[in-house]
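Comments concern the structure below.
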Amino acid sequence: MKEEMSSVDIKYIVEELKSLKGARIDKIYHDGSEIRIKLHKAGEGRKDLIIEAGKRIHLTSYIREAPKMPSSFTMLLRKHLSGGFFDDIEQHDFDRIVKIRIGNYTLIAELFRKGNIILVDENNIIIGALRYEEFKDRAIKPKHEYKLPPARESPIEVSWERFLELIKSENVEIVRALARKLNMGGLYAEEILLRAEIDKKKKANELSEDELRLIFEKMKEVFNAPKKPNIIYKDGTMIDVVPIELKWYENYEKKYFETFSEALDEYFGKITVEKAKIERTKRLEEKKRQILATLRKQEEQMKGFEAEMKKNQELGDLIYANFTFIDNLLREFSKAVEKLGWEDFKKRIEEGKKAGNKIALMVKSIDPKEKAVTIEIEGRKIRLYLNKSIGENAEIYYEKAKKAKHKLEGAKRAYEGTKKKLQEIEKLIEEEMKKELKVKKLEKRKKKWFEKFRWFISSEGFLVIGGKDATTNEMVVKRHMGDNDLYCHADVHGAPHVVIKDGQKAGEKTIFEACQFAVSMSKAWSEGVYSADAYWAYPNQVTKKAPSGEYLGKGAFMVYGKRNWYYGIPLKLAVGIINYEGEDLVMCGPVDALKAHTKRYIVIRPGDLKKSELVKKIKKIFERWGYKVAEEDIMAILPPGEGEIVEVVE
């Protein structure tokens with residue numbers, strides 16, 4: 001199973017991550033070998049970039065709960081990078097090294113071996129790193145210049161002449177020569193040879209120039225293949241994730257993805273979840289092993305106590321079963337000892353054994369110190385004390401049986417207690433496995449096309465869109481304004497261009513709402529103004545053609561002809577959850593528009609409450625209504641600047 005990205009994977013993901021250019025760094029988190037950078041991309045919202053040293057880099061929707069106390073590395077990264085912008089990303093020399101430029105800083109992700117994450121300044125001097133290390137040719141330490149590992153050949157950039165020179169000199173199998181000399185790994189070396197239909201075991205220096213030319217062409221073909229991200233499965237288990245279609249895996253089950261990030265996230269995200277499960281239950285499993293070992297010992301003890309109890313009970317019963325014989329034996333042995341003494345008694349018994357005397361043969365041992373004789377009767381050995389009566393001798397065994405019984409009962413209680421502990425630990429393990437992991441998956445809803453703009457649905461059911469910045473203002477007018485629409489604009493510098501889709505069929509109410517939306521989403525809101533003017537016009541009045549001698553910048557347009565004005569429009573909006581085309585969407589628009597589509601909404605106007613605080617208040621109200629909405633989603637739809645809640649309609 002693949003556990004880290006290859007150089008090829010990194011090539012494709014870096015190309016994809018260039019789409020993050022211009023995104024703002026919101027917050028940075030660090031846990032173990034991972035850092036997660038939370039970004040905000042205008043028009044697209046939240047993005048989470050995960051970098052795991054030595055393993056991977058991609059956008060993620062698997063969000064691990066952040067540590068309660070941020071590490072010193074977290075604080076260092078936040079200090080230098082928070083609020084900055086993602087300016088560029090590149091792969092160094094087809095190696096497993098990625099550089100991300102953020103303002104005057106560069107974040108370097110080393111994705112080979114143990115890996116590292118290093119922050120350097122504009123002079124390439126190390127500010128901090130995930131781990132500090134020293135090698136023969138370079139040191140990862142603060143205030144040291146960051147030095148890259150020795151460069152390796154790139155299969156993408158290598159020329160035919162250089163390729164020939166590298167491979168012809170290798171006296172090893174061609175598959176090994178490709179993998180080693182051109183930094184592509186075994187899988188892609190196998191793929192190239194499979195496409196070229198050349199035996200991978202052939203020696204590199206024995207191949208003809210025509211064969212090498214074919215390998216070279218197939219290599220270029222593989223590394224310029226169109227992106228088709230997929231996860232490979234074998235017997236239902238993930239075994240690999242690749243950015244392109246590979247002939248090597250043509251008979252395997254596959255799952256395809258729109259982006260390589262999504263494929264990598266699904267693959268590594270699931271591995272992360274499984275590892276988290278294992279890690280989380282490791283301590284409990286160790287405890288379970290200890291309890292099972294204790295149970296085995298207790299079972300052995302119980303068997304021992306039971307055997308001892310049974311044995312002594314049977315020996316006591318055996319004495320009484322042979323009462324007359326043993327009673328007489330005790331008397332005779334006692335008299336003999338009293339008359340002869342222990343030494344002569346022992347001699348007499350030995351002589352009797354030699355003579356074949358039955359009684360003497362029953363004696364197995366004599367212990368003068370304990371005044372005891374051990375005899376064998378009915379195949380069982382019994383120790384008899386000559387200074388005690390038959391009843392006292394039997395009682396010795398019954399007492400031993402009783403003690404063993406007490407021990408057995410105690411051991412059984414302890415055993416039951418241990419079994420209960422085992423059940424409790426197994427229940428805990430089961431509960432832990434069922435628990436929602438501290439790694440949650442952000443479900444990314446596929447946004448509707450208009451959600452990249454400011455938008456609302458009018459009280460009459462018309463879609464109204466507006467720009468958020470120069471780029472989206474340009475898009476609203478150039479791409480999305482049709483002949484049957486209407487154009488609205490506030491008499492405020494830099495106000496958004498607003499378009500009512502199919503607006504020429506709309507009533508006065510929708511047109512007024514669109515103009516109110518235009519003034520409310522302008523700078524007038526952040527300036528604390530309570531009313532402003534706006535107008536509407538037809539699409540053919542709006543043009544990029546500037547008056548003679550003037551130039552219109554990005555997002556700017558001229559409006560010629562009659563403008564239809566509304567004066568003193570109040571800056572007031574409402575926020576709520578509406579159902580549109582079967583989906584619940586967070587909408588911010590004129591109060592009447594919200595009122596037409598939902599019974600519950602929050603009325604807002606310009607005020608003194610910071611936008612972030614206003615977002616938190618709105619989020620809590622939504623939660624009270626049973627909706628879980630991310631703060632960034634609310635932030636994205638609100639007008640610019642501070643505000644206040646005027647009314648909550650429930």
Side-chain angles (χ1 to χ4, degrees), residues 1-17 54-58 90-98 110-113 115 149 151-160 162-170 172-204 207 211-234 238-252 254-257 259-261 263-264 267-268:
M1 190 183 208
K2 179 178 194 160
E3 291 196 356
E4 67 275 324
M5 292 173 71
S6 68
S7 296
V8 182
D9 296 334
I10 291 165
K11 168 196 178 292
Y12 280 91
I13 197 64
V14 164
E15 286 170 7
E16 200 172 280
L17 293 176
K55 293 193 180 295
R56 57 182 175 137
I57 177 170
H58 55 83
E90 64 177 28
Q91 179 183 21
H92 172 70
D93 280 349
F94 200 71
D95 210 339
R96 287 190 287 167
I97 297 172
V98 177
E110 294 186 346
L111 303 175
F112 52 86
R113 293 192 291 276
R152 300 169 75 180
E153 291 286 349
S154 165
I156 295 168
E157 295 174 3
V158 70
S159 66
W160 161 243
R162 178 64 177 150
F163 174 82
L164 204 59
E165 181 189 337
L166 287 168
I167 303 302
K168 267 290 189 185
S169 62
E170 288 293 298
V172 294
E173 296 93 337
I174 181 61
V175 68
R176 288 175 63 195
L178 285 174
R180 286 194 324 204
K181 285 289 181 179
L182 288 152
N183 192 25
M184 66 177 71
L187 173 65
Y188 288 93
E190 298 264 11
E191 175 69 15
I192 290 160
L193 296 170
L194 189 61
R195 292 190 187 198
E197 297 180 354
I198 288 173
D199 184 357
K200 66 180 183 180
K201 291 182 180 176
K202 277 191 173 182
K203 290 286 180 72
L207 291 168
E211 286 175 312
L212 288 171
R213 170 67 76 175
L214 181 58
I215 291 169
F216 180 77
E217 286 169 1
K218 291 299 178 184
M219 180 180 74
K220 294 296 180 181
E221 177 187 289
V222 167
F223 294 126
N224 288 288
K227 194 169 66 173
K228 200 170 180 183
N230 59 97
I231 293 176
I232 315 298
Y233 292 83
K234 186 178 181 183
M238 297 187 304
I239 59 166
D240 204 350
V241 55
V242 291
I244 59 175
E245 193 81 86
L246 295 179
K247 194 175 175 68
W248 181 259
Y249 286 132
E250 66 181 348
N251 296 319
Y252 287 74
K254 296 168 192 170
K255 182 179 176 183
Y256 293 93
F257 294 82
T259 68
F260 193 30
S261 255
L264 289 164
Y267 182 87
F268 285 110

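Treat the numbers as computed from the prediction; the structure is a model and nothing was measured. Position 1 is the first residue of the sequence, and the numbers go up from there.
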(Q) Salt bridge or not between Lys227 and Glu15? Use side-chain N to carboxylate O under 4.0 Å. (A) no

- prompt: With a 4.5 Å limit on heavy-atom distance, are the side chains of Val241 and Asn230 in contact?
  reply: no

Margin query: Contact between Phe163 and Ile215 at the side-chain level, heavy atoms closer than 4.5 Å - yes or no?
Written below: yes

Using the rule given for side-chain contact (heavy atoms from CB on, under 4.5 Å), can you reason through Phe268 versus Glu3, listing the C-alpha separation, both sets of side-chain angles and the distance that settles it, and then say yes or no?
CA-CA 8 Å; Phe268 285 110; Glu3 291 196 356; 5.6 Å; no

For Gln91 and Tyr12, does a side-chain donor sit closer than 3.5 Å to a side-chain acceptor? no

#### Entry: Flag side-chain contact, heavy atom, 4.5 Å: Lys228 against Ile244
no

Would you call Asp240 and Tyr233 a side-chain contact if the rule is heavy atoms closer than 4.5 Å? no

Thinking salt bridges, do Lys220 and Glu217 make one under a 4.0 Å N-O criterion?
-> no

- Message: Would you say CD of Glu250 has more than 12 non-hydrogen atoms from neighbouring residues, nucleotides or ligands within 6.0 angstrom?
- Response: yes

Between Lys2 and Asp9, does any side-chain N to carboxylate O distance fall below 4.0 Å? yes

- Pairwise side-chain contact, Lys200 with Glu190, heavy-atom cut-off 4.5 Å (strictly under): yes

Next item on the list: May I ask you to decide if Phe94's main-chain N or O and Asn183's side chain share a donor-acceptor pair within less than 3.5 Å?
Entry: yes

Strictly distance-based, threshold 3.5 Å: is any side-chain N or O of Asp199 a donor or acceptor partner for the main-chain N or O of Lys201? yes

One should read off an interatomic distance between Glu153 CD and Glu165 CD, to the nearest 0.5 angstrom, of 8.5 Å

Looking at Arg195 and Glu221, is any side-chain nitrogen of the basic one under 4.0 Å from a carboxylate oxygen of the acidic one? yes

Neighbour count above 12 (heavy atom, 6.0 Å) for Lys168 NZ: yes

Listed pairs under 3.5 Å, donor-acceptor, residues 174-182 side chains, sequence neighbours left out:
| residue | atom | partner | partner atom | Å |
| --- | --- | --- | --- | --- |
| Arg176 | NH1 | Glu173 | OE1 | 3.3 |
| Arg180 | NH2 | Glu170 | OE1 | 3.3 |

- Looking at side-chain heavy atoms only, is the closest gap between Lys11 and Ile156 below 4.5 Å? yes

Looking only at heavy atoms, the pair that brings Pro155 and Met219 closest together is O-CE, 3.4 Å

Over 60° means perpendicular and under 30° means parallel, so classify the ring planes of Tyr188 and Phe223, tilted if in between. tilted

Closest heavy-atom pair, Phe112 versus Ile97, reported as atoms and distance to 0.1 Å, is CE2-CG1, 3.6 Å

OG (Ser6) and CE (Met184) are apart, to the nearest 0.5 Å, by 11.0 Å

Taken to the nearest 0.5 Å, the spacing of Met238 CE from Ile231 CD1 works out to 6.0 Å

Open item on the list: Under the criterion side-chain contact (heavy atoms from CB on, under 4.5 Å), I'd like the reasoning laid out for Leu111 against Lys55: C-alpha separation, chi angles, the key distance, then a yes or no.
Closed with: CA-CA 5 Å; Leu111 303 175; Lys55 293 193 180 295; 5.9 Å; no

field: Worked check of side-chain contact (heavy atoms from CB on, under 4.5 Å) between Val222 and Val8
entry: CA-CA 10 Å; Val222 167; Val8 182; over 6 Å; no

Tightest non-hydrogen contact, residues Tyr252 and Trp248, listed as CE1-O, 4.0 Å

Separation between CD1 (Ile232) and CG (Leu246), nearest 0.5 Å, reads 6.5 Å

>> Pair Ile57, Leu17 - check side-chain contact (heavy atoms from CB on, under 4.5 Å), show working.
In response: CA-CA 9 Å; Ile57 177 170; Leu17 293 176; 4.1 Å; yes

Between the CG atom in Leu207 and the CD1 atom in Ile167, the distance rounded to the nearest 0.5 Å is 9.5 Å

**Item:** Sidechain N-carboxylate O distance under 4.0 Å for Lys202, Glu211
**Value:** yes

Any side-chain heavy atom of Glu16 sitting closer than 4.5 Å to one from Ser261?
yes

Rounded to the nearest 0.5 Å, the CZ atom of Arg162 sits from the OG atom of Ser154 at a distance of 12.0 Å

Between the main-chain N or O of Tyr249 and the side-chain N or O of Lys254, is there a donor-acceptor pair closer than 3.5 Å? yes

